[in-house]
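Okay, so here's the structure we're looking at.
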Amino acid sequence: MTLRVYNTLTKTKEPFEPVTPGQVGMYLCGPTVYKPSHIGHMVGPVIFDAVKRYLVYSGFKVTFVVNITDVDDKLIKESTARKMTMAALAEEMTGDYQRNLEAMGIDTIDHFPRATQCMGDIVGFIELLITKGFAYASEGDVYFDVARDREYGKLSNRDVASMQGEGGDMAERKRSPADFALWKSAKPGEPSWDSPWGKGRPGWHIECSAMSHKILGETFDIHGGGLDLVFPHHENEIAQSECAHGKPQAKYWMHNGLMQASNEVGKVGGRNTRETEAGDQQAQEAGKMGKSKGASAFSELLQRHAPETIRFFLLSTHYRRPIDFSEARIEEVNTGLEQFYRFFKRYERITGESFYSLPQISKRAEGEFDAGSNPTLAQVALHRQHYLEQMDDDFNTGGAVADLFELVRTMNKFADDEKLEANKPSAEQLATLKQGAKTLRELGGTLGLFRKPVEKPSADGGGNSELADKLMGLIIELRASARSKKDFATADRIREVLTSLNITLEDRPGGTEWTVK
RNA sequence: GGCGCCGUCGCCAAGAGGCUAAGGCAGCGGAUUGCAAAUCCGCCAUCGUGAGUUCGACUCUCACCGGCGCCUCCA
């Protein structure tokens, strides 16, 4: 089995072979930190977090870089509007972004370079491009000379001649409308850095070329980002980096699909429409998600849904597909997820040990096991193998998740058939159950799932849980005594009232369990 | 106008030139249960439309219809 990856550059799936055997350098375009993150900002990090986990699991040593773009026209505009410095705004929003990543359990990122902390590298990079004749200074600005790059357009399959380019007030300083800014001269009052061309700031794309080069070198393995970045951002990055170094910037370009508002056009957090006919402009806008509504802060979303649910939601479809965002969908996915949690509890009831105390297998080879003539384990092995095949095929997380469900079903059936909850399980039965659970933990781990118990985001949780435990213990005791006297009217009355309070009772061989919905 | 993506069960969503077209949610029937809940078993699609290529297509080609993205610093 070999890992295959879809490469936007070649538009095909290719066998994955890193530049340096065994080592992988991976760069993901991070956010421009001018507003709080919304769900769309988490798509890439969650996906590439899973990609890294799977690569590590497959035996690679991975360096994962996510940049922070903390200097940009949008930052200037927003900080001016909020009457604060650009640096303070960037600091605030970077904090928000990183808190969200942390909440989502994304702890695989090794470097978070910030554009403002790499100014020397950026300026040096631009100088190199000028020296090599690929860029020119013009009235304090510096532009990339697109005409000099014969390969320009290869990623997005574009023809330079037909390019419209940026218009606006920079037009007359450029040789060609398709040229893009590497350095922008500062207007009075704007934040700026010194450079050979005067005070100014970097253009949009150069920081990624400079920072990826600084940390990962001239040619690294995976460059990721949202599909919307293919043009112009990644096209321009390729132009800058490859003209500067004379070699490929990245071997594989991976692009994830964008989050879209369900039922509506437009994507979360995106700008509104391009110009359309005046006539249907109205209609179009009406169908679009209100920017504010759909793109609500991610931190708010976290108050309604567990991070693992959001992760599962994002990974339950193939990464290159667009995802329709809707909270109803997230809820639906959560219903499916709960099947796993119920199994974890069941596992604990039977073995007396937490599912989460099982060893977390982090290498593929270590997860292999001999099923012998055990039919349940044979099933487990089969699903494990199928899961890995799915993941090997361009990280098909959507297809892989199906095997996770199959795994749970297999183990539930085993527990049912062998009546593990009613009788004392034998050592052999326990071993089988553990192997199944271990495999589930192993495979889920490659997606960053099932790593630790979920904490429910419910508003009323936490606080008086000790009191609740004691009260429920008493109630369940009273109901049990009623049941033992065949007083089902009382027993059912208790359960009905609890149900109306969103508390579910489950009578099991070992006693009654309660859960809050 | 240019470049590209998508249209699979009620909803979401894998997939693939011939093998039973995964899985989740919802629904129906059954086992289990004092009754439930949970779990298990079973049922539930011929793949937007039309034409072509082929021994054979849902999977390839073309056209059409429908939805979407980028071409203006949005992950």
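Protein chains get the first letters and strands the later ones, always in sequence-line order, with residue 1 at the start of each.
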Could you give the distance separating [M] and [N] at their [atom1] atoms, to the nearest angstrom?
| N | M | atom1 | value |
| --- | --- | --- | --- |
| B:G23 | B:G15 | P | 15 Å |
| B:G56 | B:A14 | P | 31 Å |
| B:G7 | B:U61 | P | 14 Å |
| B:U54 | B:C40 | P | 48 Å |
| B:A16 | B:A57 | C1' | 10 Å |
| B:A21 | B:C47 | C1' | 8 Å |
| B:C55 | B:G17 | C1' | 12 Å |
| B:A31 | B:A36 | C1' | 15 Å |

Quiz item: Rounded to the nearest 0.5 Å, what separation is found between the CG atom of A:Asp145 and the OG atom of A:Ser138?
Solution: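 Reported to 0.5 Å precision, the distance equals 11.0 Å.
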
Rounded at 0.5 Å granularity, tell me how far CZ in A:Phe355 sits from CZ in A:Phe340.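 The distance works out to 9.5 Å.
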
On RNA chain B, check which nucleotide each of A:Asn256 and A:Ala402 is closest to and give me the residue with the more 5' one.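 Nearer the 5' end of the strand: A:Ala402.
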
For A:Ser316 and for A:Cys29, locate the closest nucleotide of RNA chain B by heavy-atom distance; then report the residue assigned to the nucleotide nearer the 5' terminus.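 Per heavy-atom nearest nucleotide, the more 5' residue is A:Ser316.
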
Under 4.0 angstrom between [X] side-chain N/O and [N] OP1 or OP2:
| X | N | result |
| --- | --- | --- |
| A:Lys413 | B:U39 | no |
| A:Thr317 | B:A14 | yes |
| A:Arg321 | B:G7 | yes |

Between A:Asp416 and A:Arg346, does any side-chain N to carboxylate O distance fall below 4.0 Å?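 Result for this pair is yes, salt bridge flagged.
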
* Asked: Salt bridge check: are A:Glu348 and A:Lys345 linked by an N-O gap of less than 4.0 Å?
  ->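 Result for this pair is no, no salt bridge flagged.
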
Does A:Arg329 make a cation-pi contact with A:Phe313, if we ask for NZ or CZ under 6.0 Å from the ring centre and within 45° of the axis?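 Ring-cation test returns no.
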
What's the closest nucleotide to the side chain of [X] if the choices are [options]?
| X | options | value |
| --- | --- | --- |
| A:Asp416 | B:C40, B:C70, B:C12 | B:C40 |
| A:Glu332 | B:G24, B:A75, B:G7 | B:G24 |
| A:Arg483 | B:C35, B:A75, B:C70 | B:C35 |
| A:Asn396 | B:A14, B:A75, B:G34 | B:A14 |
| A:Asp507 | B:C70, B:C6, B:G34 | B:G34 |
| A:Gln339 | B:C12, B:A14, B:U39 | B:U39 |
| A:Glu506 | B:A37, B:U39, B:G15 | B:A37 |
| A:Arg508 | B:A75, B:G23, B:A37 | B:A37 |
| A:Pro31 | B:A75, B:G34, B:A26 | B:A75 |
| A:Arg479 | B:G23, B:G34, B:U39 | B:G34 |

Report the distance from atom [atom1] of [X] to atom [atom2] of [N], rounded to the nearest whole Å.
| X | N | atom1 | atom2 | value |
| --- | --- | --- | --- | --- |
| A:Leu404 | B:A14 | CG | C1' | 14 Å |
| A:Gln390 | B:G24 | CD | P | 14 Å |
| A:His386 | B:U20 | NE2 | P | 16 Å |
| A:Glu496 | B:A37 | CD | P | 12 Å |
| A:Ile476 | B:A37 | CD1 | P | 17 Å |
| A:Lys419 | B:A38 | NZ | C1' | 16 Å |

For this session: Work out which heavy atom in A:Leu28 is nearest to a heavy atom in A:Gly225; give both atom names and the distance.
Result: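 Minimum heavy-atom separation between A:Leu28 and A:Gly225: CD1-N, 3.6 Å.
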
What is the base-pairing partner of [N], counting Watson-Crick and G-U wobble geometry with both distances under 3.5 Å?
| N | answer |
| --- | --- |
| B:U59 | none |
| B:C43 | B:G27 |
| B:C68 | B:G4 |

Mind checking if [X] touches a base, just sugar-phosphate, or nothing, with heavy atoms under 4.0 Å?
| X | answer |
| --- | --- |
| A:Gly30 | sugar-phosphate |
| A:Gly44 | nothing |
| A:Leu505 | base |
| A:Thr32 | sugar-phosphate |
| A:Glu513 | nothing |
| A:Glu331 | nothing |
| A:His318 | sugar-phosphate |
| A:Asp72 | base |

*Flag the pair A:Tyr143 / A:Phe180 as yes when their ring centroid distance falls below 6.0 Å, and as no otherwise.*
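Ring centroids of A:Tyr143 and A:Phe180 are no less than 6.0 Å from each other.
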
Checklist entry - Any chance the rings of A:His38 and A:Phe298 have centres within less than 6.0 Å? => result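 No: the rings miss the under 6.0 Å criterion.
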
query = Can A:His383 and A:His386 be said to form a ring pair (Phe, Tyr, Trp, His ring centres under 6.0 Å), step by step?
reply = CA-CA 5 Å; A:His383 292 307; A:His386 190 62; 7.9 Å; no

Between the protein and nucleotides 3-5 of chain B, list every N/O to N/O distance that falls short of 3.5 Å.
from	atom 1	to	atom 2	distance (Å)
B:C3	O3'	A:Asn157	ND2	2.8
B:C3	O2'	A:Ser156	O	3.4
B:G4	OP1	A:Asn157	ND2	3.1

A:Arg349 and A:Glu513: CA distance, side-chain angles, deciding distance, salt bridge (charged side-chain N to carboxylate O under 4.0 Å, His left out) verdict
CA-CA 11 Å; A:Arg349 284 196 302 272; A:Glu513 286 216 349; 3.6 Å; yes

Has the side chain of [X] got a donor or acceptor that lies under 3.5 Å from a partner of the other kind on the base of [N]?
| X | N | result |
| --- | --- | --- |
| A:Arg409 | B:C40 | no |
| A:Gln260 | B:G69 | no |
| A:Arg342 | B:A38 | no |
| A:Asp403 | B:G23 | no |

Is there a stack between A:Phe405 and B:G24, judged by ring centres under 5.5 Å and planes under 30°?
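Check failed, A:Phe405 does not stack on base of B:G24.
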
Quiz item: Using 30° and 60° as the class limits, which term best fits the ring planes of A:Trp253 and A:His255: parallel, tilted or perpendicular?
Solution: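 It falls in the parallel class, under 30°.
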
Q: Using the test salt bridge (charged side-chain N to carboxylate O under 4.0 Å, His left out), find all partners of A:Glu78 that sit at least two apart in sequence or belong to another chain.
A: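 Here no residue qualifies.
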
